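Nothing fancy with the numbering, it's 1 onward along the sequence. No experiment lies behind these values; they were computed from the predicted model shown.
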Amino acid sequence: MTFRFLSRINKAKKYSVRIVGLAYTLTLGAVPVLAAGENSPAFKVNGKVTTVGELSKEDQAAFYDIEKKKYELIVSKAESAYLADFWNKMAKSKGKSVQEVRQEYFDKNAK
């Protein structure tokens with residue numbers, strides 16, 4: 001249902017969703033780690049710096065899960081922004097509220 005709905009929207013209007021950038025930090029204990037790259041320092045113990053790359057080699061599955069969750073969050077936020085923009089533009093073009101336009105669309109297209 002969701003895929004059909006999104007594909008119909010894509011056919012109706014061709015909007016582009018651009019993700020300009022996403023800055024976030026992961027926290028390991030009390031040390032914030034900027035998830036910028038493999039050479040970023042993750043933490044320092046007794047003067048020895050351990051990088052994110054070294055940690056990711058030790059536990060590849062955990063870091064894969066983190067990257068997957070990051071990707072899924074970005075996709076989710078992009079879809080939400082796209083749909084909000086779509087409904088706002090449809091409502092504005094028809095001179096109706098977003099709720100009215102959505103209800104009309106679902107009444108017409110949902111089976």
Sub-3.5 Å donor-acceptor pair from the side chain of [X] to the main-chain atoms of [Y], do we have one?
X	Y	result
Ser76	Glu72	no
Asn88	Ala84	yes
Glu54	Thr51	yes

Set of residues satisfying side-chain contact (heavy atoms from CB on, under 4.5 Å) with respect to [X], sequence neighbours excluded:
X	answer
Asp59	Ala61, Ala62
Val45	Phe43
Ala91	Val98, Val101
Lys108	none

Lys69/Asp65 ion pair, N-O < 4.0 Å:
no

List in chain and number order the residues that pass side chain to side chain donor-acceptor pair (under 3.5 Å) with [X], two or more places apart in sequence or in another chain; answer none if no residue qualifies.
X	answer
Gln103	Asp107
Thr50	none
Asn39	none

Lys70 and side-chain contact (heavy atoms from CB on, under 4.5 Å): which partner among Ile66, Ile74, Leu73?
Ile74

Distance check, rounded to the nearest 0.5 Å: Phe86 atom CZ versus Tyr105 atom OH?
6.0 Å

Separation between CD of Glu38 and CZ of Phe63, rounded to the nearest 0.5 Å
8.5 Å

Contacts of Glu104 that satisfy salt bridge (charged side-chain N to carboxylate O under 4.0 Å, His left out) - sequence neighbours left out:
Lys96

Taking the side chain as every heavy atom from C-beta outward, state whether Tyr64 and Gln60 have any atom pair closer than 4.5 Å.
no

